[in-house]
Engineer: 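Just passing along the structure, written as structure tokens.
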Number of protein chains: 2
Amino acid sequence: MYRPQITVVDCTIRDGGLMNKSQFTLDCVQAVYKAICESGVHIVELGYRNSRKMFDPEKYGAWRFCDDDMIKKVVGDKKYPYTKIAVMMDAHKSSIEDLLPKEKSLVDVVRCATYVKDIDKCIMIVNDAVAKGYETTINIMSISTAPERELNEALQQIKEETKIKACYIVDSFGNLYSEDIDYFVSKYQKLLPGIEVGVHMHNNQQLAFANTIEGIIRGANYMDGTLYGLGRGAGNCCLELLLGFLKNPKFNMRPLLDVIGSHIIPLQKEINWGYSVPYMITGIMNRHPEEAIKLMMLPEKDPTKYNFRTFYERMLDPEP
Amino acid sequence: MYRPQITVVDCTIRDGGLMNKSQFTLDCVQAVYKAICESGVHIVELGYRNSRKMFDPEKYGAWRFCDDDMIKKVVGDKKYPYTKIAVMMDAHKSSIEDLLPKEKSLVDVVRCATYVKDIDKCIMIVNDAVAKGYETTINIMSISTAPERELNEALQQIKEETKIKACYIVDSFGNLYSEDIDYFVSKYQKLLPGIEVGVHMHNNQQLAFANTIEGIIRGANYMDGTLYGLGRGAGNCCLELLLGFLKNPKFNMRPLLDVIGSHIIPLQKEINWGYSVPYMITGIMNRHPEEAIKLMMLPEKDPTKYNFRTFYERMLDPEP
């Protein structure tokens, strides 16, 4: 039996954009948008609404900024009525000036990603977005390294100072085990009454889908997935797996299968995401995947590329 | 805190052999053997001890038969004293004539893989092996499709008629969710007092590692893994992830990292294992992965290779 409160969010273009500087073709984003809408998924996130002052538009693609004009091009003649459109604003890399009032935009949901230390910037952004008419969520990144006291204070602030719909546990490093999910979901539920708990998981330890299920079992009602797991490093919870697990009869797997075959698999030639030993190592060690991504990007012939032991020792003891 | 009762089994060469007709080079098997022993893993399975009457030695490699002479070549001058050597006998494809008395063999453990329907053959094999001096386990395959009443009867027989050390839940199709693991572990514990529960998981839904952890949490003490997940179709629980999770201070990750880099990653050029959409589809639909493997083996240029929807419809309704 399915739980009607569950909201599924596709963030393929947004999280995948961390692997290609958000340089997807318009055709690809249109195909993803259409497939997600036709699959019955509740929210599709088309990219970041980040600031051009922080990201050079010469280097980053359109989906790092998600101008309302670009979103219009994605949607085309008619917006699917059921699936809401989201953009993500990084608390420390975006500006409230870049957000038009809701009635002038096709965007429905603003998700603000933040580190615990930036919670005040984040609250300013979501409160501005709510005032402009948007639904909002807060996505607390790198939760596996957040100091407990600061996290508790941030959650307290969120409860007292915002009107967000959901607050996310974001396992940026792919470090968490199921027992950690239980711990954080319980904490959020206790400290954030009336606010839904969300889970956004990374696959460094091949636990992104399992931890998402664990979140569901514990009562989280917002969950992120991406097509074929496309996302930073080891990638995310696969949306197709999530739809296979959830029993909501409104969901339709077929459009997802089509777009994975036509648009996502071909991206593997340019973007190398998914489980690999270096990501496992950073995940287990609770570290940002950037060093693992660098190793993965070395050419095949580089003799250090598959010297996993050296990488392991370096991660164990980064400043010898 | 680690649980000293836990026994970890590496079955890289055995399960991986299902993807290459057990045609690994001696060098590769030697390297895997050495790495597993040096990592502190308890048991290393070097292949099948199956019958030459069922498998043509012209087509299948040495590790489908694991003659004692071949095992001697793997071990070389000195056997590592801590790590036991296992072979797997398929209940329906092996012969007790092929098993020498323990004192004439380097093998320590005989694992008998069986479908529920072949339980009598299986019991004959393990009882013969026990009489010859080996430790034994029974690995009940395709448990997700086993008729409940027949499974219960088989477990009853195992309890009454054998002296095995452990009985495995084998998720051959990669179909099970954590709640199913809980169900089967409880059933085994109830029906098999004094016999350890084992878990052997496949990764069709990216749940092999998570389901292995779930087994551990519920009290299973035998668990299978393979290097980098090498195994049939979507592959198995990654041994490196398992060692990262278990806290036994005797374990050493480094030899595993070395051999994955030197011997397992290069196999990816010949063997295509790991998560992919066709395996997800057969996993969700609780079907054998053979049709998915056929699809995965099509050349890149074949237009049906990435037509996942057609495959999905065919799996939904195999005999229209």
Side-chain angles (χ1 to χ4, degrees), chain A residues 175 177-179 203-214 216-217 227-229 234-235 237-238 240-245 252-266 269 274-278 280-281 283-285 300 303-313 316, chain B residues 175 177-179 203-214 216-217 227-229 234-235 237-238 240-245 252-266 269 274-278 280-281 283-285 300 303-313 316:
Chain A
N175 170 259
Y177 292 114
S178 60
E179 61 193 28
N203 211 30
N204 298 58
Q205 299 196 69
Q206 298 196 359
L207 292 173
F209 178 43
N211 283 345
T212 302
I213 294 176
E214 185 70 19
I216 295 169
I217 291 170
L227 292 163
Y228 206 50
C237 171
C238 290
E240 67 275 12
L241 289 170
L242 195 50
L243 258 61
F245 175 77
N252 184 2
M253 180 80 88
R254 294 168 179 86
L256 302 188
L257 298 176
D258 288 341
V259 77
I260 291 171
S262 64
H263 285 81
I264 305 298
I265 298 273
K269 284 176 196 152
Y275 176 75
S276 191
V277 170
M280 184 244 344
I281 291 171
I284 287 176
M285 295 193 188
E300 282 298 311
T304 63
K305 179 161 183 154
Y306 297 113
N307 193 334
F308 299 136
R309 184 195 286 242
T310 302
F311 183 73
Y312 180 79
E313 304 293 1
L316 267 182
Chain B
N175 170 258
Y177 292 113
S178 60
E179 61 192 29
N203 211 30
N204 298 59
Q205 298 196 69
Q206 297 197 357
L207 292 173
F209 178 44
N211 283 345
T212 302
I213 295 176
E214 186 69 18
I216 295 168
I217 291 170
L227 292 163
Y228 207 49
C237 172
C238 289
E240 67 275 13
L241 289 170
L242 195 49
L243 258 60
F245 175 77
N252 184 1
M253 180 80 87
R254 292 169 181 84
L256 303 188
L257 299 177
D258 289 342
V259 77
I260 291 171
S262 65
H263 286 80
I264 305 298
I265 298 273
K269 284 176 196 152
Y275 176 75
S276 191
V277 170
M280 184 252 332
I281 291 171
I284 287 176
M285 294 190 187
E300 282 297 312
T304 64
K305 179 161 182 155
Y306 297 112
N307 192 334
F308 300 135
R309 184 195 287 242
T310 302
F311 183 73
Y312 180 80
E313 304 293 0
L316 267 182

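Protein chains get the first letters and strands the later ones, always in sequence-line order, with residue 1 at the start of each. FYI, side chains are in, hydrogens and waters are out, and symmetry mates aren't considered; it's all heavy atoms of this structure. What you see is a predicted model, and the numbers here were worked out from it, not measured in a lab.
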Engineer: Which atoms of B:N204 come close to chain A, meaning under 4.5 Å heavy atom to heavy atom: side chain ones, backbone ones, both, or neither?
Structural biologist: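 Contact with chain A involves the backbone of B:N204 alone.
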Engineer: Using non-hydrogen atoms only, which part of A:S276 is less than 4.5 Å away from chain B: side chain, backbone, both, or neither?
Structural biologist: both
Engineer: Can you measure from CZ (B:F308) to CD (A:E240) and round to the nearest 0.5 angstrom?
Structural biologist: 9.0 Å
Engineer: So what's closer than 4.5 Å to chain B heavy atoms on A:E179: side chain, backbone, both or neither?
Structural biologist: neither
Engineer: Given heavy-atom pairs under 4.5 angstrom as the criterion, report whether the side chain, backbone, both or neither of A:Y228 touches chain B.
Structural biologist: side chain
Engineer: What closest approach, in Å, do B:M253 and A:Y312 show between heavy atoms, and which atom pair accounts for it?
Structural biologist: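 Minimum heavy-atom contact is CB-OH, 3.8 Å.
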Engineer: Is it the side chain or the backbone of A:F311 that comes within 4.5 Å of chain B heavy atoms, both, or neither?
Structural biologist: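 When you check distances to chain B, no heavy atom of A:F311 falls under 4.5 Å.
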Engineer: Chain B: which of A:Y306, A:Y177, A:F209 shares the most heavy-atom pairs with it under 4.5 Å?
Structural biologist: A:Y177
Engineer: To the nearest 0.5 Å, what is the distance between CD1 on A:I213 and CD on B:Q205?
Structural biologist: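 The distance works out to 7.5 Å.
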Engineer: Quick check for you: among A:L241, A:L256, A:N307, which has the greatest number of heavy-atom pairs under 4.5 Å with chain B?
Structural biologist: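 Sorted descending by pairs with chain B, the first entry is A:L241.
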Engineer: Please identify each residue that fulfils side chain to side chain donor-acceptor pair (under 3.5 Å) with A:N175, with sequence neighbours left out.
Structural biologist: none
Engineer: If you tally heavy-atom pairs under 4.5 Å against chain A, which of B:L257, B:T310, B:V277, B:I281 wins?
Structural biologist: B:L257
Engineer: Measure A:C237 against the heavy atoms of chain B and call it side chain, backbone, both or neither at under 4.5 Å.
Structural biologist: neither
Engineer: Do the non-hydrogen side-chain atoms of A:L207 and B:F245 ever get within less than 4.5 Å of each other?
Structural biologist: no
Engineer: Taking every non-hydrogen pair under 4.5 Å, which of B:S178, B:G229, B:G261, B:A210 racks up the most with chain A?
Structural biologist: B:G261
Engineer: Given the options B:G283, B:S262, B:C238, B:P255, which has more heavy-atom pairs under 4.5 Å with chain A than any of the others?
Structural biologist: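 Sorted descending by pairs with chain A, the first entry is B:C238.
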Engineer: Is chain A contacted by the side chain of B:L316, its backbone, both, or neither, given a heavy-atom distance below 4.5 Å?
Structural biologist: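 For B:L316, the contact with chain A is made by the side chain alone.
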Engineer: Tell me, do B:R309 and A:R254 make a side-chain contact under 4.5 Å, heavy atoms counted?
Structural biologist: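 Yes, close enough: below the 4.5 Å cut-off.
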